[in-house]
Amino acid sequence: MPKSNFFERVYEVVREIPEGMVTTYGRVALQVRSGPSGSRINISPRMVGWALHANKEGSGVPCHRVVNKDGRLAPSYAFGGYHEQRNRLLSEGVKFLDELHVDLDRCGCHD
DNA sequence: TATTTGACGATTT
DNA sequence: CAAATCGCCAAAT
């Protein structure tokens with residue numbers, strides 16, 4: 001079994017995001033860290049984004065539901081462009097405050 | 001083995 | 001809000 005459950009942890013958490021809901025990289029990092037006991041993985045928000053970038057759409061991970069802390073889509077987003085991303089979120093019921101900012105007040109995972 | 005890089009976060013200026 | 005800085009840690013070279 002792979003030692004770096006690193007990616008898998010991230011993928012699993014992201015995969016758990018319900019539709020119409022968005023989360024942030026930092027939040028995912030915390031989830032992974034607070035995830036199942038025994039993980040003992042130290043992850044920083046950077047790693048989340050990095051893992052997701054390494055990931056592909058076909059991996060079954062809805063990366064489009066993950067935004068940065070500003071509630072904005074990733075600046076270096078590369079899987080289709082902002083329009084594609086925005087459209088997807090809108091289709092799920094996520095509201096946008098601006099072209100680039102999602103309504104974290106409603107759809108963001110608070111705690 | 002060392003250096004660079006990277007879908008971020010928080011803080012400060 | 002923008003720009004700069006530090007932290008954070010795994011992968012690629």
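On a predicted model such as this, the values are computed, not experimentally measured, just so you know. Throughout, a chain's letter reflects where its sequence line sits, starting with A, and its residues are numbered from 1.
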Is it true that a side-chain atom of A:Gln85 and a backbone atom of A:His64 form a donor plus acceptor pair closer than 3.5 Å?
-> yes

Determine whether any donor atom in the side chain of A:Arg46 lies under 3.5 Å from an acceptor atom in the base of B:dG9, or the reverse, and answer yes or no.
-> no

Could you state the CH2-C1' distance from A:Trp50 to C:dA10, rounded to the nearest angstrom?
-> 4 Å

B:dA10 P sits how many Å from A:Tyr25 OH, rounded?
-> 14 Å

Whole-Å distance between B:dC8 P and A:Lys69 NZ?
-> 14 Å

Whole-Å distance between C:dC8 P and A:Leu30 CG?
-> 14 Å

By the Watson-Crick or G-U definition, both distances under 3.5 Å, C:dC1 is matched with none

Over how many whole Å does the gap from A:Asn68 atom CG to C:dA2 atom P extend?
-> 13 Å

A:Ser34 side chain to A:Leu30 main-chain N or O, any donor-acceptor pair under 3.5 Å?
-> yes

Mapping A:Met47 and A:His101 onto DNA chain C by nearest heavy atom, which one lands closer to the 5' end?
-> A:His101

How long is the line joining CD1 of A:Ile43 and C1' of C:dC8, in whole Å?
-> 10 Å

Return yes if some donor-acceptor pair links the side-chain N/O of A:Asp103 with the main-chain N/O of A:Asp105 below 3.5 Å, else return no.
-> yes

Atom-pair distance (CZ on A:Phe7; P on B:dG6), nearest Å | 15 Å

Taking atom C1' of C:dA2 as reference, at what distance in whole Å does atom CG of A:Asp70 sit?
-> 12 Å

When you measure from the side chain of A:Ser44, which nucleotide among B:dA7, C:dC8, B:dG9 comes out closest?
-> C:dC8

Give a yes or no on whether the backbone of A:Ile43 and the side-chain of A:Arg33 come within a donor-acceptor separation of less than 3.5 Å.
-> yes

